[in-house]
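Accompanying notes for the structure given below.
Order of appearance sets the numbers: ligands from 1, and atoms from 1 within every ligand.
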Amino acid sequence: MSKGTYYVTTPIYYPSSKLHIGHTYTTVAADAIARYKRATGYDVMFLTGTDEHGQKIETVAKAAGKTPQAFLDEIVGEIKDLWNTMEISYDDFIRTTEDRHKRRVQGIFMKLYEKGDIYKGEYQGMYCTPCESFWTDSQLKDGKCPDCGGPVQLMKEEAYFFRLSKYQDKLLELFETNPDILEPKSRINEMVNNFIKPGLEDLCISRSTFDWGIEVPIDKKHVIYVWLDALSNYITALGYPEEVDGKFAKYWPVDVHLVGKEIVRFHTIIWFSILMALGVPLPKKVFGHGWILLEGGKMSKSKGNVVDPVVLIERYGVDALKYFLLREYTFGQDGLFTNEVLLNRLNSDLANDLGNLVSRSVSMVEKYTGGIVPSPKESTAFDGSLIDTVTSASDKIDAYMNELNFSGALEEIWKVIRRTNKYIDETSPWALAKDPEKAPVLDTVLYNLIESIRVISVMIQPFLHHTSQAIWEQIGLKDGELTVWDTVTTFGLYPAGGTVQKGEALFPRIDIEKELEALEALSAAKRAEAAKANEKSESAPAKKPTAPFKPEITIDDFGKLDLRVAEITSAKAHPNADKLLILQLKVGDTNRQVVSGIAKYFDPEKLVGKKVVIVANLKPVKLRGELSEGMILAASDDETLALVTADIDDGCGVS
Ligand code: MSP
C-alpha cells in the first residue's frame, strides 16, 4: 500500500553543451530522494527537463548553421545521455519546446491576463544592437554589453508585465507564517531583506526583439520571456491548466523543488506570486542547495581538476560519483571540489569501510564454513550493541532524508558499516576458528556479519544501487522480499544455509598519488587539445566566424526608414560616456544632433565634413542626458566598423 505521493523536481537545465559535476549535483540529490521515497513506499513523481527558449539559443544555433530546434535536439540528446549514464530515475523529462508545455504556458498567460495580473506596458533598458539584448545596469560589464563587449543604448519597447508588486505583502506574510516553505532558513532572510522589503517591481514577461520563445497568445509580436515560461514547467508537466484532474490533482503541491542557491529568488518570489495569482496551492518546500566550487575559479574554467562527470564515472563508477557528491558536501552549503578530496573520500568510505567489510566477511564464510552461512548459535558479548546499531539506523536515516540532509543520512549508514567492522575486530573470528569449541560462537559471528551486510545493502540502495546488487550476488540473495526497505528494522531475516561467493572488489583501493598524477595528466592533455584547437582557429584566414544574420524583413519594413544624407558639422566626445560621440549634423537646411556609439572607432576631428547617411525618422531619445535625433548608419565586416558615407557634393535627401 502506498504511503502517499511524493513529487520532487530539479530545475530545468539550460542546454549548454557540456554539463560539469556541479550541474549534476541537483539531479543526483533529486534522484536519491526519489529512490529513497520509492523504496519507503511512496508513489513518486520525479521531474527534470530542459529550459530551451531565449535569444541566446537562437543566436548560437544560427552561428552553428542550424535551426534552433535541430541545435537543441542534439544537445538535449546529450543531456539525456548523461542522465542515462548516471542512471537518474526521472519519471518525466519536460522540454519547454514541447507542444504540451507551450500550449499550457499560453493557458497560464491567459488566466493571468484575464485576472488583470498581466498588463501591457513599456520596457526600458540598455540595449545592445548586435546582440539584440536588453541588459540591466548590474549586468553590464564596464558599461558595455556583457556578451559582445560592444556599446549599449538606452531603449524602450512595448512589453507585457506581471503584477509582481501586488504580491509583496502576501509574500512577507507567507515567510512569516510558514518558514518551512524555504530551506535552509537563512535564505528566508536573504529573500525578505534583500529583495521583498526593498520593494518588488512588476516583472517584464515578454519580448518582441527576438522570436525563439512561446508566442503571447493575444499578441503575435511578442514571445513570453524566461521565467514565466521556465517556472511553469513544474505544473505544465502535470497537465495544468488543461487537465487538472489527473497528475496535477495527484501530485501537486510539489513536496520539494530542489534548486541551486542562485535561483532561489525566482523559485520563491516570482514562482510563489504566479501561483498565488493563479489560485494554485504553493509548493510545500523549496530547498536552495549550495554550490560546488573550485579553488579560485569557476567549474567551467577548471584547470587541474577533472570535472567532467563522464570521465569520473568511467574511472570510478556511477555509484562512487553519486556517493561522493551526496556525502562530501552539506546540501545547503557551498563546498570545494578537488581531485584529492574525491579520491580520499572514495578510498576511506567505499574501498576501506564498505568494500573491506564485504570482502572480509565473505572470505571468512568461505574459509571457515565452506561458503555456507551458518545459523547463529552461541551469542557473544557484542551482539546486542551490533544488532541495536543495525536496526535503529533507519529511523535516523528517515529523519535526515526528510530534511534533505543526504550527508547525514549516509553518515548514519556508515555508522552501521563501521560498527560492523568493529564487530569483526571485537570477536576476532580468525581466533575463534582455531578453537573447535568456539565453533558455535564463530557461527553466530559469521551469521551476524552477513545479516548486517544484508541490512546495509538495502539501506544503501537509494544511493548506490549497483553496489547493493553486487553485494547480493556475493551473499547469495536476489532482489526480492529480503531486499526491501521494510526489512531493515528486523535482524535475523537472512536465511541460514545460504551460500556466499566472493566477487570482484566492490571498490578497488586507489593509489592516490598515482591517480592524482593521472588526473593531472588528463587535464593537461585536455587543455593542450583545447589550446591547439584555439591556435588552429586563430591561424585560419577568417579570424572570426561571420556574425549571424538577423531575421528577414520585407520591402515594406525597409520602406519605413527615412534615409537622408547629412553633413557632420561638428563632433565631440560625450561628457558622460566613453563610447559615445555627440555629432552636429546638417540635413538639407535643418540642423540636428545625433549621439552615436562610434567613439572607439573614429577620431571626432576627422569626422567633420564627412557626408554620412542617417535614419532621419528614428524616435528621438536621450542618451546619457544628450538628445539624439536619429542614427548614423555604419556597417561591420566582423572586424571593423565603417561609416556609410555619401559620394555627393550637396546634402540632398536620398530616400
Ligand atoms: N534554466 C535555469 C533554471 C530554470 S528552473 C525553472 C538554470 N539552469 S542551469 O543549467 O544554469 O542550472 C541548473 C542547476 O545546476 C541549478 O540548480 C544550478 O544551481 C546547478 N548548478 C550549476 N553549477 C553548479 C555548481 N557548480 N554547483 C552546484 N550546482 C550548480 O539555472
>> My understanding is that we take every heavy atom of each candidate and find the minimum distance to atom 24 (C) of ligand 1. Doing that for S232, G290, G22, which one comes out nearest?
In response: G22

> Got a sec, which residues hit side chain to side chain donor-acceptor pair (under 3.5 Å) with T24, two or more places apart in sequence or on another chain?
Replying inline: none

>> For ligand 1 and G260, I'd like to know whether there is a polar contact (N/O to N/O, distance under 3.5 Å).
In response: yes

>> Looking at Y14, is its backbone amide N or carbonyl O close enough to the side chain of D51 to form a donor-acceptor pair, meaning the two atoms are under 3.5 Å apart?
In response: no

>> Taking the cut-offs as 6.0 angstrom to the six-membered ring centre and 45 degrees off its axis, would you call R207 and Y225 a cation-pi pair?
In response: yes

>> Quick check: N233 and ligand 1, any N/O pair under 3.5 Å apart?
In response: no

> Short list, please: which atoms of ligand 1 are under 4.0 Å from a heavy atom of H267?
Replying inline: 5 (S), 6 (C)

> Is the Lys NZ or Arg CZ of R35 less than 6.0 Å from the centre of F46's six-membered ring, within 45° of the axis?
Replying inline: no

>> Can you tell me if F266 has over 12 outside heavy atoms packed within less than 6.0 Å of its CZ?
In response: yes

>> Could you tell me, atom by atom, which parts of ligand 1 come under 4.0 Å of a heavy atom of A230?
In response: 6 (C)

> Do any N/O atoms on Y13 end up under 3.5 angstrom from N/O atoms on ligand 1?
Replying inline: no

>> Please confirm whether W227 approaches ligand 1 to less than 4.0 Å, judged on its heavy atoms.
In response: yes

> How about H289 and F406: are their ring centres within less than 6.0 Å of each other?
Replying inline: no

>> Using a 4.0 Å heavy-atom cut-off, which part of Y234 comes near ligand 1: side chain, backbone, both, or neither?
In response: side chain

> What atoms of ligand 1 come closer than 4.0 angstrom to any heavy atom of D51?
Replying inline: 1 (N), 2 (C), 4 (C)

> Do K37 and Y42 meet the cation-pi criteria used here (NZ or CZ under 6.0 Å from the six-membered ring centre, within 45° of the axis)?
Replying inline: yes

>> How long is the straight-line distance from CD1 of I270 back to CZ of F272, given to the nearest 0.5 Å?
In response: 12.0 Å

>> Just to be sure I'm reading this right: ignoring hydrogens, which of I12, V259, T24 gets closest to atom 2 (C) of ligand 1? Compare them by their nearest heavy atoms.
In response: I12

> If you measure from each heavy atom of H20 to ligand 1, is any distance below 4.0 Å?
Replying inline: yes

> Is it the side chain (CB and beyond), the backbone, both or neither of K261 that lies under 4.0 Å from ligand 1, heavy atoms counted?
Replying inline: neither

>> I need the atoms of ligand 1 closer than 4.0 Å to a non-hydrogen atom of H289, numbered in the order shown.
In response: 28 (C), 29 (N)

> By number and element, which atoms of ligand 1 are closer than 4.0 Å to a non-hydrogen atom of T26?
Replying inline: 14 (C), 15 (O), 17 (O), 20 (C)

> With sequence neighbours excluded, what pairs up with N344 under the side chain to side chain donor-acceptor pair (under 3.5 Å) test?
Replying inline: none

